[in-house]
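Okay, structure first, notes after.
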Amino acid sequence: MSEESIINVKYRLIEIFSALNIEELDQIEKWISSHSFKKDLETKKSLIRSEKCLKNIGKTIKKLIPFEGELDSENITPPTVGDQADVTTKNSCHVDEFLYDDIEVDELIRQGKLKRFYCADCNSRNIKEVILLSHSTSRRASQYIFKYLLPKDLEDKQVLDVGSRLGAVLYGAYYFSNAGSIVGVEMNKECCDIQERIINQYSMDVDRIRVVHADILECSDIVHNSDIIIVNTLDHFLDAEKHREIWRFFKKHIKRGSYMITSRSMVETLAGLGMSEELIDWISICRSNQTENEVFFSTEDNEESFMYVVK
Ligand SMILES: C[S@@+](CC[C@H](N)C(=O)[O-])C[C@H]1O[C@@H](n2cnc3c(N)ncnc32)[C@H](O)[C@@H]1O
């Protein structure tokens, strides 16, 4: 690093430190001179390396699917119940968070490839913000799940992603954890082909990671044998009645003590489906298992993933 860059780093640090009071500054000084600072730095570097693998996978997938990130073989419709019942094809736009992070989304907007606003009643200044939806889990959310929420050692555990789509969660589990078995169940064949292709192209260990082309309702054994079940919002892909059926099926087959990770609070999901009374006592929310990694995550990360234990 040149003398000039060092000055730049000092400038940035001074900017941050000047906002701290004496006690806060004291804590930061202690941290920097401690062993844990060195350890945190090593962890951060390893996270950056793993993230690079996911970014490369994302680049490969971008070449395989349309820019809109939805395939012709998919039947995606806005849900009629729940917190996204106000979403329509007019007021929303799909941007896959695994393929495009916030910086890339800003760049797409700058290039005019993505519009952030739409006119609510043409010919006026009454514009509204477009709702950006993602059908995939972002790299950031994957890190949060595997490096903060779940226990560190998953060697003898099976991770299941329900509706694995492009495989974002599977690759996250592969690179950010030591999970012994990683399974994606996906009903769309084209999505399964993309995941298989990525697993082969990136020479992943097929004894560790696999994709099953099936409806999750046909996979009670896989569900029962999984210790961690990840469910990103399914409601754009099925109607409310099938969605209810899937939660009843999970209640029947997920074993006690398993972790369930969802991208929306279960209180909201169950309320939207009118199932609160039936299912809310089946699970309880739980705390993060890797608090030593909290330094890598912000409060915003909290809002993207929720972890429950099955009672
Ligand atoms: C929101 S996407 C989740 C993608 C992925 N889990 C992630 O977080 O990146 C939901 C996926 O679930 C699939 N899906 C919906 N219902 C399903 C079912 N009954 N069985 C298997 N897959 C299903 C859809 O085809 C879609 O690809």
Side-chain angles (χ1 to χ4, degrees), residues 54-55 57-58 61-62 64-66 68-79 82-84 87 92 94-101 131-146 149-150 159-176 182-196 198-199 209-223 226 228-250 252-254 260-264 269 273 304-307:
L54 295 199
K55 208 165 182 179
I57 291 176
I61 296 179
K62 278 180 196 168
L64 300 176
I65 64 171
E68 294 72 28
E70 293 179 353
L71 308 173
D72 288 344
S73 57
E74 293 185 295
N75 180 16
I76 305 179
T77 43
D83 67 344
Q84 292 202 338
V87 167
S92 71
H94 177 241
V95 188
D96 192 289
E97 282 188 331
F98 179 66
L99 306 182
Y100 300 95
D101 61 21
I131 300 170
L132 294 185
L133 302 168
S134 172
H135 299 316
S136 287
T137 297
S138 66
R139 297 192 297 267
R140 180 95 198 136
S142 270
Q143 272 187 41
Y144 184 73
I145 292 170
F146 294 105
L149 289 182
L150 287 168
V159 175
L160 164 65
D161 185 27
V162 178
S164 48
R165 195 173 163 74
L166 303 177
V169 169
L170 307 184
Y171 319 135
Y174 192 89
Y175 290 106
F176 291 132
I182 302 162
V183 186
V185 172
E186 171 55 60
M187 66 180 182
N188 180 286
K189 174 79 173 69
E190 218 182 335
C191 286
C192 291
D193 291 345
I194 291 172
Q195 295 171 74
E196 296 282 5
I198 294 294
I199 290 170
I209 183 168
R210 70 191 165 104
V211 181
V212 177
H213 174 216
D215 188 311
I216 194 69
L217 293 175
E218 296 158 5
C219 301
S220 51
D221 282 0
I222 296 179
V223 171
S226 298
I228 292 138
I229 293 101
I230 302 188
V231 194
N232 191 345
T233 44
L234 297 172
D235 44 14
H236 287 255
F237 297 85
L238 33 80
D239 63 31
E241 203 34 58
K242 178 143 184 193
H243 204 179
R244 289 187 194 98
E245 195 186 342
I246 286 184
W247 286 114
R248 288 189 186 112
F249 170 84
F250 285 159
K252 186 166 171 206
H253 295 289
I254 297 179
M260 195 167 69
I261 309 259
T262 59
S263 55
R264 181 197 290 145
T269 299
L273 293 168
E304 280 203 42
S305 308
F306 301 81
M307 180 166 70

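Both counts, for ligands and for their atoms, begin at 1 and track the order of listing. This is a predicted model, so every value here is computed, not measured.
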Close side-chain approach of [X] to [Y], heavy-atom, < 4.5 Å:
| X | Y | answer |
| --- | --- | --- |
| Val185 | Asp161 | no |
| Phe98 | Ile61 | yes |
| Glu304 | Glu97 | yes |

[X] neighbourhood, listing ligand 1 atoms whose heavy-atom distance to it stays under 4.0 Å:
| X | result |
| --- | --- |
| Asp161 | 5 (C), 6 (N) |
| Ala168 | 9 (O) |
| Val169 | 7 (C), 8 (O) |
| Ser136 | 7 (C), 9 (O) |
| Asp215 | 18 (C), 19 (N), 20 (N) |
| Ile246 | 19 (N) |
| Ala214 | 20 (N), 21 (C) |
| Leu238 | 16 (N) |

Candidate pair Asp101 and Arg140, rule salt bridge (Lys or Arg N to Asp or Glu O under 4.0 Å), full reasoning: CA-CA 9 Å; Asp101 61 21; Arg140 180 95 198 136; over 6 Å; no
Phe249 vs His253 aromatic rings, parallel, tilted or perpendicular, using cut-offs 30° and 60°? tilted
For the pair His135 and Phe237, name the ring-plane relationship: parallel under 30°, tilted 30 to 60°, perpendicular over 60°. perpendicular
Report the part of Ile216 (side chain from C-beta onward, or backbone N, CA, C, O) that has a heavy atom under 4.0 Å from ligand 1; answer both or neither where that applies. both
Measuring from the heavy atoms of Gly167, does anything fall under 4.0 Å of ligand 1? no
Test item, Thr233 contacting ligand 1 (heavy atom, 4.0 angstrom): yes
[atom]: which protein heavy atom is closest, and how many Å away?
| atom | answer |
| --- | --- |
| atom 2 (S) of ligand 1 | His135 O, 3.1 Å |
| atom 25 (O) of ligand 1 | Glu186 OE2, 2.6 Å |
| atom 9 (O) of ligand 1 | Thr137 N, 2.9 Å |
| atom 22 (N) of ligand 1 | Met187 N, 3.2 Å |
| atom 12 (O) of ligand 1 | Gly163 CA, 3.1 Å |

Salt-bridge test for Arg264 and Asp235: reply yes if a basic N is under 4.0 Å from a carboxylate O, no otherwise. yes
Charged tip of Lys62 within 45° of Tyr100 ring normal and under 6.0 Å: yes
Please determine which of Glu74, Glu186, Glu70 meets the salt bridge (charged side-chain N to carboxylate O under 4.0 Å, His left out) test together with Arg165. Glu74
Do Arg244 and Glu241 pass the salt bridge (Lys or Arg N to Asp or Glu O under 4.0 Å) test, and can you show the C-alpha distance, the side-chain angles, and the key distance before you say yes or no? CA-CA 5 Å; Arg244 289 187 194 98; Glu241 203 34 58; 2.9 Å; yes
